Student: 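Take this structure first; my questions come after.
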Amino acid sequence: SALTTTLVAPGPVVIEPGGTTAVVAYGIAFHALTSGLLFAWGRQVGGLPVACASSLLVTANAAMLETSPSGLAEPPEIFFFTLALYGLWRFRSQPGHAGIAAAGAALGLAALSRTNALFAAPVLLGCLLIRNPERWRQTRLWLGGLTLVLAPWLLRNVALTGDPFFSLHS
């Protein structure tokens, strides 16, 4: 994926010639970030018991632990997707323009990790508009954050291949 390659590529030069340490550190770092984000979110929702339970579910998840050190794109996708969901939740509880744009940008980063994250965009838009269909301004801000992150990559693909959705990192 585009983001995975960008984040891991400098690691082997800095850390070791083989690059294994960089790949392992990258995966474990995103796993830890996801666990920390869920802890913080859980604490806001239901206090310390909810925070500990939600963080433990991610930390002890065998599938995530298996993919974390492998250099796959799932750990950053899960983190950025969780961050996008958290941003939408925060917006629903405390509306603000920067928060909603950041939630869109987080989904864009998840999509740069794995393209299938974009399939969630219509669902997330529905969640944004479900209670108040008059939120078109916030919807534009959310789409703006998403577009701001994705546009450089899509334009690069058009310039190199003629197709915005053709990935050179597949």
Side-chain angles (χ1 to χ4, degrees), residues 1-91 93-94 96 98-121 123-124 127 142 144-154 156-157 165 167-170:
S1 74
L3 189 60
T4 304
T5 305
T6 304
L7 291 174
V8 175
V13 175
V14 175
I15 296 176
E16 68 179 48
T20 306
T21 305
V23 170
V24 170
Y26 148 89
I28 291 173
F30 275 109
H31 188 87
L33 286 169
T34 303
S35 181
L37 175 61
L38 284 174
F39 182 85
W41 190 358
R43 190 155 178 139
Q44 291 174 10
V45 170
L48 193 58
V50 172
C52 290
S54 59
S55 182
L56 183 63
L57 284 173
V58 169
T59 304
N61 183 316
M64 281 186 69
L65 284 172
E66 185 179 347
T67 61
S68 288
S70 65
L72 295 175
E74 282 81 1
E77 178 196 23
I78 292 168
F79 170 72
F80 290 121
F81 191 75
T82 304
L83 189 61
L85 290 175
Y86 174 71
L88 282 176
W89 176 81
R90 286 282 292 182
F91 173 75
S93 59
Q94 299 174 357
I100 196 67
L107 183 63
L109 289 169
L112 286 178
S113 299
R114 286 197 51 146
T115 313
N116 63 357
L118 282 179
F119 290 120
V123 174
L124 294 177
C127 291
W142 184 79
L146 177 66
T147 305
L148 187 67
V149 171
L150 291 179
W153 190 253
L154 296 176
R156 176 192 173 277
N157 284 348
F165 301 106
S167 175
L168 297 173
H169 293 280
S170 48

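Please read all numbers here as calculations on a predicted model, not as lab measurements.
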Student: Please identify each residue that fulfils side-chain contact (heavy atoms from CB on, under 4.5 Å) with A51, with sequence neighbours left out.
Tutor: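 A51 satisfies side-chain contact (heavy atoms from CB on, under 4.5 Å) with F39, R43 only.
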Student: Show me, pair by pair, the donor-acceptor contacts under 3.5 angstrom made by side chains of residues 79-91, not counting sequence neighbours?
Tutor:
unit_1	atom_1	unit_2	atom_2	d
T82	OG1	I78	O	2.7
Y86	OH	Q44	OE1	3.1
Y86	OH	Q44	NE2	2.9
R90	NH2	Q94	OE1	2.9

Student: S54 and L38: which non-hydrogen atoms are nearest, and at how many Å?
Tutor: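 Nearest heavy atoms, S54 then L38: OG-O, 3.1 Å.
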Student: I'd like to check the side-chain contact (heavy atoms from CB on, under 4.5 Å) partners of A102; sequence neighbours left out, ordered by chain and number.
Tutor: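 Checked A102 against side-chain contact (heavy atoms from CB on, under 4.5 Å); zero matches.
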Student: Taking all atoms of both residues into account, what is the closest heavy-atom pair of L107 and W142, and its distance?
Tutor: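 Closest heavy-atom pair between L107 and W142: CD2-CZ2, 3.6 Å.
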Student: To the nearest 0.5 Å, how far apart are CG in L118 and CG in L112?
Tutor: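 One finds 8.5 Å between CG of L118 and CG of L112.
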Student: Going by side-chain contact (heavy atoms from CB on, under 4.5 Å), name the residues that satisfy it together with L57, two or more places apart in sequence or in a different chain.
Tutor: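 Per chain and number, L57 pairs via side-chain contact (heavy atoms from CB on, under 4.5 Å) with no residue.
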